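First comes the structure, then the notes that go with it.
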Amino acid sequence: MTKRKVILDCDPGHDDAISMILANANENIEIEAVTAVAGNVEVDKTALNARRVCDIIGLDVAVAEGSNRPMVRETQIAESIHGDSGLDGPNLPDVPKTPVHDQHAVDLIIEKVLESNGDITLVPTGPLTNIAMAMVKEPKIVPKIQEIVLMGGGTFGNWTPAAEFNIWVDAEAAKVVYESGVPIAMFGLDVTHQAQATDATIDRFSKVGNNVSEFVVELLRFFKQTYKDVFGFDGAPIHDACTVAYLIDPSIFDTVDVRVDIETKGEFAYGMTCVDLLGVTGEKPNVKFAQGLDQNRFWNLLEDALKSYS
């Protein structure tokens with residue numbers, strides 16, 4: 001099987017960290033780089049957290065700091081969910097061994113895609129600022145991107161009644177990406193809210209008994225509590241890991257090809273992903289939209305990944 005080359009563009013973030021862990025554990029995924037964007041917390045913190053995760057899982061790739069704010073709006077962060085550090089819960093080193101790459105994330109994405117054979121998949125699990133900025137700065141990358149597999153959006157919101165956080169933070173960037181013509185697989189709240197780690201899931205991971213599984217357990221305990229406090233959930237949705245799970249085994253998910261447009265002008269609906277499930281617009285589909293997942297296979301995949309670090 002040909003390895004899937006990916007750039008993980010993220011804003012760690014508890015679920016971003018788990019997404020990195022899952023990708024690194026799979027022999028059929030080759031991580032070309034990790035790029036950080038402002039989202040869950042400020043970009044200096046997300047880059048720091050990405051480096052910390054690389055240390056914990058032994059991932060040796062370039063980690064580049066990217067956009068420190070959305071394309072048009074002011075910076076928005078989600079510290080109520082992820083804590084002040086963005087990875088509250090575990091005890092993490094202040095200074096990771098993994099260095100910051102000397103390029104800006106946008107330039108690193110451009111370089112990697114241009115040098116490729118059109119076989120790099122971008123996996124954004126935060127706001128789409130870095131990806132959109134790369135497309136605007138160097139349009140030649142657009143036809144060379146194999147696919148964009150992203151976490152964002154849905155048919156309902158979690159940060160406003162209409163909008164999911166990642167898209168709401170930078171809807172202008174999302175509009176650039178969704179209208180780019182690059183194949184997109186979209187993992188929004190409709191599917192990621194089905195991937196909730198309950199106490200039983202956390203206990204299951206605890207029994208794996210290595211340093212990476214313990215790190216994940218500490219992440220999930222904190223994340224589960226904030227989701228209960230803020231949203232009243234009984235589990236922690238592992239939103240971002242759905243993207244990597246799809247790359248490993250697409251058959252875990254139920255998907256449908258639809259048209260998705262991004263609302264950037266609405267008074268109440270800014271950041272809404274307008275998912276045309278009934279085909280009422282007559283527009284050509286631009287997104288593979290995930291609606292459901294096989295929970296047993298999803299959790300088995302994560303558990304197997306954690307066991308691989310023993």
Side-chain angles (χ1 to χ4, degrees), residues 8-25 34-57 59 63 76-93 96 123-127 150-152 158-159 164-166 169 187-189 191-206 208 211-245 298-299 301-303 305-306 309:
L8 303 178
D9 184 70
C10 53
D11 60 339
H14 296 67
D15 47 337
D16 304 81
I18 295 169
S19 183
M20 290 174 66
I21 288 164
L22 182 59
N24 185 54
V34 176
T35 51
V37 67
N40 288 324
V41 285
E42 297 86 350
V43 72
D44 58 331
K45 293 180 180 178
T46 62
L48 175 64
N49 289 338
R51 293 161 58 206
R52 287 165 162 165
V53 176
C54 285
D55 279 8
I56 290 167
I57 64 179
L59 174 58
V63 179
Q76 309 287 339
I77 59 173
E79 59 189 2
S80 63
I81 301 295
H82 297 275
D84 181 64
S85 74
L87 274 185
D88 279 15
N91 187 16
L92 297 167
V123 187
T125 54
L150 64 87
M151 189 279 136
N158 65 353
W159 216 248
E164 178 274 333
F165 178 78
N166 284 346
V169 167
F187 294 81
L189 301 177
V191 69
T192 66
H193 277 183
Q194 298 173 44
Q196 287 189 41
T198 61
D199 285 332
T201 311
I202 296 170
D203 289 344
R204 177 178 170 184
F205 291 167
S206 182
V208 173
N211 67 314
V212 176
S213 67
E214 283 308 305
F215 172 58
V216 168
V217 166
E218 290 169 356
L219 288 174
L220 289 177
R221 283 179 178 148
F222 179 89
F223 201 40
K224 180 178 179 293
Q225 188 59 51
T226 61
Y227 256 85
K228 186 169 186 64
D229 294 344
V230 176
F231 296 116
F233 283 25
D234 286 328
I238 316 302
H239 304 282
D240 296 344
C242 290
T243 58
V244 175
F298 178 77
W299 297 121
L301 191 69
L302 272 173
E303 183 179 20
L306 294 179
Y309 288 98

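It should be emphasised that the depicted structure is a prediction, and the values quoted were computed from it without experimental measurement.
Among all heavy-atom pairs drawn from Leu219 and Pro90, the shortest one is CD2-CG, 3.6 Å. Looking at every heavy atom in both residues, Trp299 comes nearest to Gln196 through CZ2-O, 3.3 Å. For the pair Thr243 and Leu150, the tightest heavy-atom approach, listed with the atom from each and the gap, is CG2-C, 3.6 Å. Considering every non-hydrogen atom in both Pro127 and Asp9, the closest pair reads O-OD2, 4.1 Å. When all heavy atoms are compared, the tightest approach of Leu22 to Ala305 is CD1-CB, 3.6 Å. Of all the heavy atoms in Cys54 and Val63, the pair that sits closest is SG-CG2, 3.8 Å.
Residues satisfying the side-chain hydrogen bond (donor to acceptor under 3.5 Å, both in side chains) test with His14, not counting sequence neighbours, are His82. In this structure Phe165 satisfies the ring-ring contact (aromatic ring centres under 6.0 Å, His included) test together with Trp159, sequence neighbours excluded. Under the rule for a side-chain hydrogen bond (donor to acceptor under 3.5 Å, both in side chains), Ser19 has no partner lying at least two apart in sequence or in another chain. In this structure, Ser206 has no side-chain hydrogen bond (donor to acceptor under 3.5 Å, both in side chains) partners at least two apart in sequence or on a different chain. The ring-ring contact (aromatic ring centres under 6.0 Å, His included) search around Phe298 returns none, not counting sequence neighbours. Scored by the salt bridge (Lys or Arg N to Asp or Glu O under 4.0 Å) test, Arg204 finds Glu303 as partners (sequence neighbours excluded). Qualifying side-chain hydrogen bond (donor to acceptor under 3.5 Å, both in side chains) partners for Thr125, counting only residues two or more places apart in sequence or in other chains: Asp16. For Asp199, the salt bridge (Lys or Arg N to Asp or Glu O under 4.0 Å) criterion is met by Lys224, not counting sequence neighbours. Applying the side-chain contact (heavy atoms from CB on, under 4.5 Å) test to Ser213 and every residue at least two apart in sequence or in another chain returns Val208, Asn210, Leu306.
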Give the table of side-chain donor-acceptor pairs shorter than 3.5 Å for residues 45-52, with sequence neighbours excluded, one pair per line with atom names and distance.
from, atom 1, to, atom 2, distance (Å)
Lys45, NZ, Asp84, O, 2.9
Lys45, NZ, Asp84, OD1, 3.3
Thr46, OG1, Val37, O, 3.0
Thr46, OG1, Val43, O, 3.1
Asn49, OD1, Arg52, NH1, 2.9
Asn49, ND2, Pro12, O, 2.9
Asn49, ND2, Lys45, O, 3.3
Asn49, ND2, Ser85, O, 2.8
Arg51, NE, Thr98, O, 2.7
Arg51, NH2, Thr98, O, 3.3
Arg52, NE, Pro93, O, 2.8
Arg52, NH2, Pro93, O, 3.3

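Residues Ile18 and Asp240 have side chains not in contact (no heavy-atom distance under 4.5 Å, counting atoms from C-beta outward). Between Asp55 and Leu92 there is no side-chain heavy-atom pair separated by less than 4.5 Å. By the 4.5 Å heavy-atom criterion applied to side chains, Leu87 and Val53 are counted as neighbours.
Considering CG of Asn40 and CD1 of Ile77, their distance stands at 9.5 Å, rounded to 0.5 Å. How far CE of Met20 is from CG of Leu59: 5.5 Å, rounded to the nearest 0.5 Å. With rounding to the nearest 0.5 angstrom, the NE2 atom of His239 is 12.5 Å from the CD atom of Gln194. The distance from atom CG of Asp234 to atom OG1 of Thr198, rounded to the nearest 0.5 Å, is 9.0 Å. The CG atom of Asn166 sits 11.0 Å away from the SG atom of Cys10 when rounded to the nearest 0.5 Å.
Between Phe223 and Tyr227, the ring planes lie perpendicular to each other; the angle is over 60°, past the 30° to 60° tilted range.
In this structure, Glu218 contributes its side chain and Phe215 its backbone to no donor-acceptor pair below 3.5 Å. For the pair Tyr309 (side chain) and Ile21 (backbone), a donor-acceptor distance under 3.5 Å is present. Formation of a donor-acceptor pair under 3.5 Å by the Asn158 side chain with backbone atoms of Leu189 is not found in this model. The main-chain N or O of Asp44 is never found under 3.5 Å from a side-chain atom of Glu42 such that the two would form a donor-acceptor pair.
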